[in-house]
Number of protein chains: 2
Amino acid sequence: MTTPIHQQLRDDVLASVFAPDEPLTEAKLTARYGASRTPVREALQRLEQDGLVERRGKAVVIRTHSAEEIIDIYESRIILEQAAASKAALKATALDKSSLDALLLKMRGLDINDGPTLAATNRAFHTQLWHATHSPSLISLLERLDQQVRRYTLTTLTYPGRWPVVLADYAELLAAIGENNPELAGQVAARHMSEALAIRLKMYAADPTTL
Amino acid sequence: MTTPIHQQLRDDVLASVFAPDEPLTEAKLTARYGASRTPVREALQRLEQDGLVERRGKAVVIRTHSAEEIIDIYESRIILEQAAASKAALKATALDKSSLDALLLKMRGLDINDGPTLAATNRAFHTQLWHATHSPSLISLLERLDQQVRRYTLTTLTYPGRWPVVLADYAELLAAIGENNPELAGQVAARHMSEALAIRLKMYAADPTTL
DNA sequence: TTGCATATCTATGTATACAATCGTATGCAG
DNA sequence: CTGCATACGATTGTATACATAGATATGCAA
């Protein structure tokens, strides 16, 4: 039931088009997207339920997360990524596996300094992995968590020396999935995500303003 | 941003007031709740995002889940309940612990045959446990999963011999939380939820119509 | 000048009119 | 009788008018 305006607005929010304190008034959005208030309101409501915006008093504003909240979400995600990796090791089809292999191959060829492409491809890899679980509930939960913090693009991928480790982790992960070893796959995923969180915390400690 | 009509409609849906194939037309709901189409539409949209209703073609109908889908949700819930128990063992305050103790005490005094009360109190216990994690993301994910299958009230609690085991499990769980043992707490929770799923599967195998 | 009361203005909440669409019934032809 | 085309009806999608509330500015009095 995702309307065009909902997609546009969500994309704009995720692309940080709006400032965190800028009120998203319905009038402004109707002008911007050329629709009437009704679809705009519905889009806003969906974004609110997705945790992307929040009501502050009467106004709707971009939702920001404290460092604690981001860490909390990240910790939940570690749990779910581990579970997803395990389940993927049990449920992945040959097609799933070859898609993941192809993605990893693609990632190996990327420019290590092209942050946005790295981030996008990395996300594609994760998404593909989630789908390899063939578990609608896991997919939905992970998409939800990811979306909530996607705006905080301080990705760990460009952290010095990180990218090769990421590629190695993924290779190990795919190997575990390839041989249907759920424990190992889950363990690798958990370690990988935990390291990402650790780097994130380190970056935050070094400069708390760059969430 | 939860409107009165949204609450009423959700309560009615969770109480199985509507048949799974009955179209929830906006006209019918405006009449039932005495509001105009706009708030009704917003309520329907929220329920759709929560996975309680779905659009079938143009109509909105109660969302039903296949046995596979219910099992899938249950498996995800096992993961999250384990995580929640672990985190509760780390984060629960003295107040959290005493609230849980009080709830368990209350559960011990319940009539073993009063299914609805058993289910309600059991849910209260779980909810309290979730909150003891002080993790907004975990709470939100668990509430989401719970809500999606709450209508399938075929609770395992009235299965012969189950209730005493439940009470024993909870006592063990609270003990683990009391001594801040996250591994044990998580393990107990996982075992508890897995057994519940196993019973559910057994009940389903015996009579596939009673989801 | 400060404090409060009040008026006004702006944005949202609600109702309803209008448009578009989907499903269905109906009629006609083969 | 069956198949398809068409027209109609019901329901949702969209726009807008109206109601309401919250914030802010204004003016008066102390």
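Throughout, protein chains are lettered first and strands after them, A, B, ... in sequence-line order, and every chain is numbered starting at 1. Owing to the predicted nature of the structure, the values given are computational and were not obtained by experimental measurement.
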Of B:E26 and A:A35, whose closest DNA chain D nucleotide lies nearer the 5' terminus?
-> B:E26
Taking [atom1] from [X] and [atom2] from [N], how many angstroms apart are they, rounded to a whole number?
X: B:K28; N: D:dT11; atom1: NZ; atom2: C1'; value: 12 Å
X: B:Y33; N: C:dT14; atom1: OH; atom2: P; value: 16 Å
X: A:H6; N: D:dT14; atom1: NE2; atom2: C1'; value: 18 Å
X: A:E22; N: C:dA11; atom1: CD; atom2: P; value: 13 Å
X: A:L29; N: D:dA15; atom1: CG; atom2: P; value: 14 Å
X: B:I5; N: C:dG13; atom1: CD1; atom2: C1'; value: 13 Å
X: B:R55; N: D:dG13; atom1: CZ; atom2: C1'; value: 10 Å

Of the non-hydrogen atoms in A:H65 and A:G51, which two are nearest, and what is the gap between them?
-> CE1-O, 4.1 Å
Mind checking B:T38 for me? I need base, sugar-phosphate or nothing, with any heavy atom below 4.0 Å counting as a touch.
-> base
Base, sugar-phosphate, or nothing: which does B:A59 touch, judged by heavy atoms less than 4.0 Å apart?
-> nothing
From the list A:I5, A:L52, A:L29, side chain to side chain contact (heavy atoms under 4.5 Å, CB included) with A:L44 holds only for A:L29
Think [X] has a side-chain N or O under 4.0 angstrom from the OP1 or OP2 of [N]?
X: B:R56; N: D:dT11; answer: no
X: B:R41; N: D:dG13; answer: yes
X: A:S36; N: D:dA15; answer: yes
X: B:R37; N: C:dA15; answer: no

Does the distance from a Lys or Arg side-chain N to an Asp or Glu carboxylate O, for A:R123 and A:D146, drop under 4.0 Å?
-> yes
Hey, is the side chain of B:K58 pairing donor to acceptor with the base of D:dT11 inside 3.5 Å?
-> yes
From the list A:R63, A:R55, A:R56, salt bridge (charged side-chain N to carboxylate O under 4.0 Å, His left out) with A:E48 holds only for A:R55
Distance-only, no hydrogens or angles: does the A:E69 side chain make a donor-acceptor pair with backbone N or O of A:S66 under 3.5 Å?
-> yes
